[in-house]
A.B. asks: 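Mind looking over this structure? Questions follow.
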Amino acid sequence: MERLTGAGVSPGAGYGPAYLLGGTIPEPPAGSRHDGDPVGETARAEAAVDRVAAELSARGEAVGGDAHDVLAAQAMIARDPVLSAEIAELIDAGTAAERAVYEAFSRYHDMLAEIGGYIGQRVSDLDDLRDRVIAQLTGVPMPGLPEPAERPYVLVARDLAPADTVLLTKELVAAFVTEQGGPTSHTAILARAMGVPAVVACAGATSIVNGTPVLVDGTTGMVGLVPSEEEVAASIEAANARGSALASATGPGRTADGHPVALLANVGGPRDLAAALEYGAEGVGLYRTEFLFFDREQAPSDEEQEAAYREVLAAFPGAPVVVRVLDAGADKPLGFLPPTGDEPNPALGERGLRILRIFPDVMMGQLRALARAAEGTSARLQVMAPMVASAEEAGWFAGACRAAGITSAGIMIEIPAAALRAADLAPAVDFFSIGTNDLAQYVFAADREVGALTPYQDPWQPVLLDLVATAASAGVPCGVCGEAASDPALACVLAGLGVTSLSMGAPALPWVRATLARHTLDQCRAAAAAARATSTAEAARAAARSHLPGLEDLAL
Amino acid sequence: MPERKVIVESEVGLHARPAATFVQTAAKAPIDVTVAKPGGAPVSAKSILSILALDVRHGEAIVIHAEGEGADQLLDELAAIVSVA
């Protein structure tokens, strides 16, 4: 079989037909003319528009909820009478239907883009609609996610945005392959949360032809095209064998000599609870609440929030549930929380706690909904803020939590300033949680969504270990909820650095549990010291391994 | 000439859901309806794209114009939609 190689970011083997997401629809050439029958050509254009609008409406009816509103709005734009008139006018003047559609949409694209803000963000919806109509006219496959297929497909894309992925399930997707993205890209995080194999930063991925049988090994990063039956069987067998080796480790996280390290799950909403419970999470270490807020015109109602929070809290009686308040901005912009001005560098802009300080009502609404949700459950609610840089910000947030009736307030450590002066921030809060992905992004000044900068995201970089050590010794309990926690060897190193809990995508829990159980706290400390004594990620990894002999038992 | 000048009270302006409701209501009527900013060029009230491109924000005034049978009733209905905060 022909092979492509990328970075394996979510373990396991997956096999299915390729489905290329967002395959670009080529622009119909300028000056394309029809053959002189404007009436027939207009009818053709109208039929294509109707078909697209009807399909969007039907799909909206099928899914319901917010997705319904979004799709109904799309259908309404497709049926816009002024747009239809402009398309007909262009066709009357001799332009071919495909080109007429393209030009008519472009006019509105430019007008809306110029307005910017919330309206400007609708431009991509308009482009999607235009591509659908042109695809309909030219007979090429529709952009966007396919209808539920008979068998799960391998989803191939340049990169995936959070908005692309809301409707994906394990029943639909056998594996992910993206051309861009790194180990902490949305694709990687989503894939681990779903327990689906994924390979990112895979050069040539988008040249895979739709429908090609693809075998994906999410551990090695191998992407095989048109594999033989034997090759598929061998890959899946190897993945299963490792799986059964893990089944032996059960119970709460601890080292071989009984030092407890709480093993928690990262969840992005109630839909991730089943996996968290299945893999034996001792609680939730990171509840991302953004899913409630995406694709909205305004914040969800107090009641809706309360219900979504209670569902997660109720699933973990007596256990810690760490909720992160809305982390908007940068790669997760929200129409109703606009930054104050244009942001040339959104990752360095008004995001996280910074934007919540501009819209304190949204944050207080969320905190109060959380406090109410916790009433009547026995879960231990802990709430933390993202993107905190200073003791003053930490104190402000903790004060807001107390005012809302929340007893445990913490902060994410993801800005180098907060990590370096963790001792200054600790007195203001009850706990820390280190987000290694953003911490790496800010320490190295390297955008985590840029595939070419992937090496900077390596969580084994000794400088990151130094910062973890500083934060973990500042006097408050300190967890790690970045993807670093899901690397079994690194999890031992983090425990050795003094980290008290590790939170990860649920499928990684058995690996980390089994690895910790095979090593003593002293071995973990020795591995941590050895890793910090090196000067590169590669050397740190190798140095730590030499103190962690149990890794071999697990074929890690 | 049936016409209403109204202040848009919805938080999001004449965008998003209020715009959709507005256009849906206008589209049901068999007569022509236009919207303009005061002194500006009118656009069709049945066109969601035209309405979005008009970019009417919270607190701005719009002039809604219709002619034909039922114009007054339609204008009242449309004015009511944008007057809801």
Side-chain angles (χ1 to χ4, degrees), chain A residues 49 53 56-57 60 66 68-88 101 103-127 129-130 133 295-300 334-338 359 361-362, chain B residues 8-38 40-68 70-71 74 77-78 81-85:
Chain A
V49 168
L56 290 169
S57 301
D66 285 334
H68 168 255
D69 291 351
V70 172
L71 294 174
Q74 286 285 83
M76 190 170 178
I77 292 176
R79 294 198 173 101
D80 192 306
V82 172
L83 185 70
S84 304
E86 286 179 21
I87 293 170
V101 166
E103 288 181 13
F105 269 100
S106 296
R107 213 169 79 77
Y108 287 99
H109 171 112
D110 295 348
M111 277 160 78
L112 300 191
E114 196 165 309
I115 294 170
Y118 171 80
I119 291 294
Q121 288 169 31
R122 302 273 74 82
V123 161
S124 57
D125 299 351
L126 202 57
D127 291 348
L129 206 51
R130 176 198 65 201
V133 176
D295 278 330
R296 295 285 190 134
E297 291 151 14
Q298 51 207 2
L334 287 177
F336 59 90
L337 297 180
F359 299 96
D361 293 352
V362 172
Chain B
V8 174
E9 298 291 350
S10 113
E11 271 309 312
V12 292
L14 196 48
H15 292 153
R17 196 159 301 167
T21 312
F22 187 87
V23 171
Q24 272 161 359
T25 307
K28 276 189 218 130
I31 55 174
D32 284 343
V33 203
T34 63
V35 186
K37 290 192 178 178
V43 301
S44 168
K46 302 182 183 194
S47 163
I48 183 73
L49 285 170
S50 305
I51 298 285
L52 294 180
L54 204 55
D55 191 24
V56 181
R57 308 285 173 101
H58 167 76
E60 284 193 291
I62 54 169
V63 179
I64 321 170
H65 174 98
E67 281 199 49
L74 176 62
E77 244 181 279
L78 292 174
I81 291 168
V82 301
S83 306
V84 178

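Every value quoted in this text rests on a predicted model; they were computed, and no experiment measured them. Sequence lines set the chain letters: A, B, ... in the order given, protein chains first and strands last, and positions in each chain run from 1.
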A.B. asks: Check the surroundings of atom CG in A/D127: do more than 12 heavy atoms from other residues, nucleotides or ligands lie under 6.0 Å from it?
C.D. replies: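 Result for CG/A/D127: enclosed.
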A.B. asks: Using non-hydrogen atoms and a 4.5 Å limit, figure out which bit of A/M76 sits close to chain B: side chain, backbone, both or neither.
C.D. replies: both
A.B. asks: Please indicate whether A/Q298 has more than 12 foreign heavy atoms, meaning atoms of other residues, nucleotides or ligands, lying under 6.0 Å from its CD.
C.D. replies: no
A.B. asks: Tell me every residue that passes side chain to side chain donor-acceptor pair (under 3.5 Å) with A/Q74, counting only those two or more places apart in sequence or in another chain.
C.D. replies: none
A.B. asks: Anything in residues 40-57 of chain B with a heavy-atom distance to chain A below 4.5 Å? Please list those residues in order.
C.D. replies: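 Checking residues 40-57 of chain B against chain A gives B/S44, B/K46, B/S47, B/I48, B/L49, B/S50, B/L52, B/A53, B/D55, B/R57.
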A.B. asks: Checking A/E103 now: which residues fulfil side chain to side chain donor-acceptor pair (under 3.5 Å) with it, not counting sequence neighbours?
C.D. replies: A/R99
A.B. asks: State which residues pass salt bridge (charged side-chain N to carboxylate O under 4.0 Å, His left out) with B/E77; sequence neighbours excluded, sorted by chain then number.
C.D. replies: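 In terms of salt bridge (charged side-chain N to carboxylate O under 4.0 Å, His left out), with neighbours along the sequence ignored, B/E77 is linked to no residue.
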A.B. asks: Under a 4.5 Å heavy-atom cut-off, does chain B meet the side chain of A/I77, its backbone, both or neither?
C.D. replies: both
